Amino acid sequence: MVKVIADSTCDLSKELIERYNITILPLHILLGEKEYEDGINITPTEIFTWSDENKSTPKTSAPSIEQAIEIFERELKGASELVVFSISEDMSTSANVSRMAAEELDASDRIHVINSKNLSTGIGLTVIEAAIMAAEGKSGEEIVDAINKIIPKVRASFVVDTLVYLHRGGRCSGLSAMLGAAIKLHPRIVVNDGIMSSDKKYRGKMRSVTLSYVQDLEEELRKAKKDRVFITHTSDDSELVDSVRKYLESLNVFDEIHETRAGGVISSHCGPGTLGVLFIDEC
């Protein structure tokens, strides 16, 4: 039996984690001198409050090797192999920590570490695919081979309400953040081969921006793998999120439309009001 493990940046909901029998390895978030575990003892709302009060972005770090060893050792008692997903190696050392943990356990032949080359539910999409294959009795090698073919087909993008958090995290200049706020500029951030970049900019209020963003994806959405699509966000605007869901429903493409809140690590760098639509290309 193969067990699937993912680091906490996969942003899957508790319901999906339980449905697909996935184990989560938490990254760490540092607010000043206090350290927290992503998804366990800190919420995005608490992160935003701290960040705004301190005019700073929290520091985030990979899982500890001790915790990775503990989780892997426990899961290997009931599984023949582990398939472990990490956030893009261009964004974190999470994958390397998992590899070192596998070496410490002398189990590198049983623990397969996958660099997702993505973030948030861009990872979650592949984690679910792997979990389905594991339930079907596929071997670790078979799952890794299949997932590596799916990874380039994952489409992950999002629009941000404010550039302040990207600026605090060093991904946007102070001038760009200031000008963006003045003219209500909202970039579309996309992930390509593990790296984030901006490929388009929208202007206006977030509700109209979000609808324009989703409409711009329509051609790709109609060619997507129909099993599932994710609306992943840090927004408190339920009407905005509902409007995106209704639009996706109107396309009659997807069997399942999942709404998930981004976890602490992703929220730390993107800020409140961020929303993305993530899916797998069928082609």
Side-chain angles (χ1 to χ4, degrees), residues 2 4-13 16-17 19-20 22 83-92 94-95 98 112-136 138-159 187-200 213-233 244-245 247-249 251-260 262-263 266 270 274-283:
V2 174
V4 175
I5 298 174
D7 77 30
S8 59
T9 61
C10 68
D11 287 348
L12 292 175
S13 66
L16 289 172
I17 289 168
R19 185 201 298 185
Y20 292 105
I22 297 159
V83 173
V84 183
F85 287 79
S86 77
I87 188 173
S88 169
E89 290 193 66
D90 287 293
M91 301 177 189
S92 171
S94 178
S98 290
H112 310 276
V113 181
I114 294 178
N115 170 18
S116 71
K117 297 186 179 181
N118 223 304
L119 51 70
S120 191
T121 47
I123 308 169
L125 284 158
T126 53
V127 171
I128 290 175
E129 293 290 334
I132 291 171
M133 286 185 268
E136 292 172 344
K138 298 284 190 357
S139 69
E141 185 176 344
E142 288 174 320
I143 293 171
V144 171
D145 287 346
I147 293 300
N148 282 333
K149 292 174 183 176
I150 294 173
I151 284 174
K153 299 179 181 180
V154 175
R155 301 292 175 257
S157 66
F158 52 94
V159 284
R188 178 172 74 176
I189 308 297
V190 297
V191 182
N192 286 313
D193 199 27
I195 298 173
M196 289 196 305
S197 62
S198 174
D199 72 343
K200 187 167 186 175
Y213 154 70
V214 181
Q215 288 174 336
D216 284 347
L217 290 173
E218 181 170 336
E219 185 176 348
E220 291 181 78
L221 288 164
R222 290 191 179 280
K223 298 176 183 176
K225 193 171 186 290
K226 70 175 185 177
D227 303 64
R228 64 193 61 84
V229 61
F230 279 94
I231 306 167
T232 302
H233 64 90
V244 174
R245 174 181 283 276
Y247 183 82
L248 293 175
E249 289 173 346
L251 299 180
N252 293 313
V253 171
F254 298 100
D255 296 335
E256 296 181 354
I257 299 173
H258 296 288
E259 177 193 332
T260 62
I266 303 302
C270 296
T274 298
L275 185 143
V277 175
L278 304 95
F279 54 94
I280 297 173
D281 190 350
E282 186 71 90
C283 299

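Being a predicted model, the structure only gives us computed values, none of them experimental.
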Reported [atom1]-to-[atom2] distance for the pair [X] and [Y], which is rounded to 0.5 angstrom:
X: Asp255; Y: Lys226; atom1: CG; atom2: NZ; value: 5.0 Å
X: Lys153; Y: Lys225; atom1: NZ; atom2: NZ; value: 9.5 Å
X: Ser86; Y: Asp7; atom1: OG; atom2: CG; value: 6.0 Å
X: Leu248; Y: Phe254; atom1: CG; atom2: CZ; value: 6.5 Å
X: Asn148; Y: Ile143; atom1: CG; atom2: CD1; value: 12.0 Å
X: Asn115; Y: Ile87; atom1: CG; atom2: CD1; value: 10.0 Å

Is [X] reaching over with its side chain to a backbone N or O of [Y], donor-acceptor style, under 3.5 angstrom?
X: Arg188; Y: Tyr213; result: no
X: Tyr20; Y: Glu129; result: no
X: Thr260; Y: Ser13; result: no

Which heavy atom in [X] sits nearest to a heavy atom in [Y], and how many Å separate them?
X: Met133; Y: Ala146; result: SD-CB, 3.6 Å
X: Phe158; Y: Cys270; result: CE1-SG, 3.6 Å
X: Ala224; Y: Val253; result: O-CG1, 4.5 Å

What donor-acceptor contacts under 3.5 angstrom involve side-chain atoms of residues 117-126, with partners at least two apart or in another chain?
residue : atom : partner : partner atom : Å
Ser120  : OG   : Asp11   : OD2          : 2.7
Thr121  : OG1  : Thr232  : OG1          : 2.7
Thr126  : OG1  : Ile123  : O            : 2.7

Quiz item: So, are Glu256 and Arg19 salt-bridged, with charged N and O less than 4.0 Å apart?
Solution: yes
Exercise. For the pair Asp216 and Lys200, find out whether any cationic side-chain nitrogen is under 4.0 Å from an anionic carboxylate oxygen.
Key: yes
So do the side chains of [X] and [Y] get within less than 4.5 Å of each other, counting heavy atoms only?
X: Glu249; Y: Ile257; answer: yes
X: Ile231; Y: Tyr247; answer: no
X: Asp193; Y: Asp90; answer: no
X: Arg245; Y: Glu259; answer: yes
X: Val83; Y: Val127; answer: no
X: Ile195; Y: Ser88; answer: no

Quiz item: Hey, mind stepping through Ile189 and Val159 against side chain to side chain contact (heavy atoms under 4.5 Å, CB included) and telling me if it holds?
Solution: CA-CA 6 Å; Ile189 308 297; Val159 284; over 6 Å; no
Quiz prompt | Among Val277, Val191, Leu217, the one residue meeting side chain to side chain contact (heavy atoms under 4.5 Å, CB included) with Ser157 | solution = Leu217
Quiz item: Name the one of Val84, Val144, Ile147, Val2 that satisfies side chain to side chain contact (heavy atoms under 4.5 Å, CB included) with His112?
Solution: Val144
Exercise. For side chain to side chain contact (heavy atoms under 4.5 Å, CB included), just list the numbers for Arg228 and His258, CA-CA rounded to whole Å, side-chain angles, deciding distance to a tenth of an Å, and then say yes or no.
Key: CA-CA 7 Å; Arg228 64 193 61 84; His258 296 288; 4.0 Å; yes
Quiz item: Given Arg222, which of Glu219, Glu220, Glu218 fulfils the side-chain hydrogen bond (donor to acceptor under 3.5 Å, both in side chains) condition?
Solution: Glu218
Quiz item: Would Phe85 and Val4 satisfy side chain to side chain contact (heavy atoms under 4.5 Å, CB included), going step by step from the backbone distance to the final call?
Solution: CA-CA 8 Å; Phe85 287 79; Val4 175; 4.0 Å; yes
Practice problem: Could you go through the side chain to side chain contact (heavy atoms under 4.5 Å, CB included) check for Leu221 and Phe279 one step at a time? | Solution: CA-CA 8 Å; Leu221 288 164; Phe279 54 94; 3.5 Å; yes
